[in-house]
> 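Okay, handing you the structure first.
Every chain is numbered from 1, with letters handed out A, B, ... down the list of sequences. Because the structure is predicted, anything quoted here is derived from the model rather than measured.
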2 protein chains.
Amino acid sequence: MENSDKQRGGRPRAFDPDRALDAAMHLFWEHGYEATSLAMLREAMGLTPPQIYNAFTDKETLFRKALMRYHETEIGFALEALSAPVSTGEAMRRLLLGAAEAYSRPGKPGGCLFVSGALAASPQAQAIADELRTYRKESEAAIAARLAKGKAKGDLPQNLSVEDFARYIAGVMNGMSIQARDGASAEELRVLAQTALAALPA
Amino acid sequence: MENSDKQRGGRPRAFDPDRALDAAMHLFWEHGYEATSLAMLREAMGLTPPQIYNAFTDKETLFRKALMRYHETEIGFALEALSAPVSTGEAMRRLLLGAAEAYSRPGKPGGCLFVSGALAASPQAQAIADELRTYRKESEAAIAARLAKGKAKGDLPQNLSVEDFARYIAGVMNGMSIQARDGASAEELRVLAQTALAALPA
DNA sequence: CAGGTTTCGTATCGATCACTATGGAAAATT
DNA sequence: AATTTTCCATAGTGATCGATACGAAACCTG
């Protein structure tokens, strides 16, 4: 997973692109795509505008790279929970409890970047909002796929709609993201997750 | 609930302030506070900038008035559900099914303005984001109050934390708001709501 | 060393942001 | 009708937006 655009010569960079990207990611996470100005990015990344644009093309590309980095570094719990060799119920439990932890990490913005990044957007940023929705829909599809596997294995009732239940689970996670943003603690999110799990069919 | 600042004389307004406020509310609902520019408002409201500023002071005041109008005209289902003389379980059912309907009305933006209006914000708009969080927290408190009433009446187990369960219900509603924004239909939201209600204690 | 390439720092660019100064027009008050 | 009051339309304000032009500086290759 090499992030580096191999440098073929010329003057070397005076900064670490991954470190800069990390700073940008946290800023986007906190304030969202549009509300994060270049001036804010410039200060947080410790770079001049030409440095940012040379390394990341433009603001939109920078945001997309921040999304990829977020996906790789902050929400591994989801893939782990969905791919672990455990019962379907246990997988859902790990998913929601993992979210409770990931959405309330000390020193990090509350909630999920995929939700906070651009829930509403200007017409100019519609493409970004759509991209985030795609991330959310893919997460929901991954949950549905895991539920379908469980259904095939007999973990779930045959009359259960995996799409419907996945929509519920994804919805709860989205709701947890907002509750986290509103200040809910990790423990409060865990309790919420446990409550939500009570809706699991026997 | 008179909205009109009684006009004491002089040339009368050439437009209907409530109608203009309605257009602004829908625009804020769709794009959020910061991403809605004055140029967009100008066109949607059919007014010139001085007309807007004379009638609504500034963009922030206009948004707050739009919030009040939204509260009065779009989400009456919540107060109705919580104050109806029905069992606590039925009240929660009406609340969530009401949200399913309100968050997916044809011709209206998906989801809830209190969620979409400014989930993330620039430092300059922090006051707006805080105001919206206050609206969300008040909704949650109203749910908790209704649950406490039900608990006192014996509708709910005595060991149930009404704050925790209210946080779950409010979280589900917030999640439904995002699912609505992502294109979920009224029927899909109803199914989500029904699933969430399965977590209700017997 | 020279030639080529890339990034550096400085100083902006035009466009858009929220907002308003100005002066005349229109209606209520006297 | 004269005066007062308010609103109207035009045309802009300074500030900030995302993004760049420019030339010097620092590296690699030959």
> Can you measure M40(B) atom CE to dA15(C) atom P for me and round it to whole angstrom units?
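The answer, rounded to whole Å, is 20 Å.
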
> For the pair R19(A) and D22(A), find out whether any cationic side-chain nitrogen is under 4.0 Å from an anionic carboxylate oxygen.
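Salt bridge between R19(A) and D22(A), a charged N being under 4.0 Å from a carboxylate O: no.
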
> Is there a side-chain polar atom (N or O) of R13(A) under 4.0 Å from OP1 or OP2 of dT7(C)?
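True: R13(A) side-chain N/O within range (under 4.0 Å) of dT7(C) OP1/OP2.
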
> Side-chain N or O of Q51(B) less than 4.0 angstrom from OP1 or OP2 on dC7(D)?
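Indeed not, no polar side-chain atom of Q51(B) lies that close.
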
> Any idea which of dC19(C), dG18(D), dT7(C) is nearest the L38(B) side chain?
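Output: dC19(C).
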
> By nearest atom, which of the nucleotides dC17(D), dC8(D), dC19(C) is closest to the F15(B) side chain?
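Between dC17(D), dC8(D), dC19(C), the one nearest the side chain of F15(B) would be dC8(D).
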
> Remember a base hit wins even if backbone is also touched, and classify F56(A) as base, sugar-phosphate or nothing at under 4.0 Å, heavy atoms.
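No contact at all - F56(A) keeps every heavy atom at 4.0 Å or more from the nucleic acid.
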
> Figure out the NZ/P separation between K59(B) and dC19(C), and round it to whole Å.
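K59(B) atom NZ is separated from dC19(C) atom P by 8 Å.
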
> Tell me whether the NZ or CZ atom of K59(A) lies within the 45° cone about the ring axis of F28(A) and under 6.0 Å from its centre.
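Output no; distance or angle outside limits.
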
> Please determine, for the side chain of R11(A), which listed nucleotide (dT20(D), dC17(D), dA25(D)) has the closest atom?
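It is dA25(D).
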
> In whole Å, I'd like the distance from the CG atom of N54(B) to the P atom of dT22(C).
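Interatomic distance, CG of N54(B) to P of dT22(C): 17 Å.
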
> Please work out if T36(A) contacts a base, only the sugar-phosphate, or nothing of the nucleic acid, heavy-atom cut-off 4.0 Å.
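Touches sugar-phosphate only.
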
> Between Y168(B) and V191(A), is there a side-chain heavy-atom distance shorter than 4.5 Å?
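SC-SC contact between V191(A) and Y168(B) ruled out.
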
> Nearest-Å distance, CG (D58(B)) to P (dC17(C))?
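Answer to the nearest Å: 17 Å.
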
> Think T48(B) has a side-chain N or O under 4.0 angstrom from the OP1 or OP2 of dC8(D)?
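Answer is no, no contact under 4.0 Å.
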
> Measure the distance from CD on E34(B) to C1' on dC17(C) and round it to the nearest whole Å.
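From E34(B) CD to dC17(C) C1': 12 Å.
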
> Quick one: which of dT10(C), dA19(D), dC27(D) gets closest to the side chain of P50(A)?
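My answer, after comparing the listed nucleotides, is dT10(C).
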
> Which atoms form the tightest heavy-atom contact between L160(B) and K151(B), and what is the distance?
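Reported closest heavy-atom pair: O-NZ, 2.8 Å.
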
> Under 4.0 Å between any heavy atoms, over every strand shown, what does S122(B) touch: base, sugar-phosphate, or nothing? Just pick one.
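No contact.
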
> Rounded to whole Å, how long is the line connecting atom CG of L41(A) with atom C1' of dC17(D)?
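Distance check: L41(A) CG to dC17(D) C1' gives 12 Å.
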
> For A14(B) and Q124(B), find the nucleotide of DNA chain D closest to each by heavy atoms; which residue's nucleotide sits nearer the 5' end?
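Closer to the 5' end of DNA chain D: A14(B).
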
> Between Q179(A) and R167(B), is there a donor-acceptor pair closer than 3.5 Å when you use the side chain of the first and the backbone of the second?
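Yes: the side chain of Q179(A) pairs with the backbone of R167(B).
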
> Over how many whole Å does the gap from I52(A) atom CD1 to dT7(C) atom P extend?
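After rounding, the gap between these two atoms is 14 Å.
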
> What nucleotide, of dC7(D), dC17(C), dA18(C), holds the atom closest to the side chain of A39(B)?
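So the side chain of A39(B) is nearest to dC17(C).
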
> Which heavy atom of A127(B) sits nearest a heavy atom of R64(B), and at what distance?
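The pair with the smallest heavy-atom distance is CB-NH2, 4.2 Å.
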
> Rounded to the nearest Å, what distance is computed from the CE atom of residue M45(A) to the P atom of nucleotide dC8(C)?
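About 12 Å, once rounded to whole Å.
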
> Check this one for me: any side-chain N or O of Y53(A) less than 4.0 Å away from OP1 or OP2 of dA19(D)?
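Yes, within the criterion.
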
> Could you please name the option among dA19(D), dA11(D), dC27(D) that lies closest to any side-chain atom of P12(A)?
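The answer is dC27(D), which lies nearest to the side chain.
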
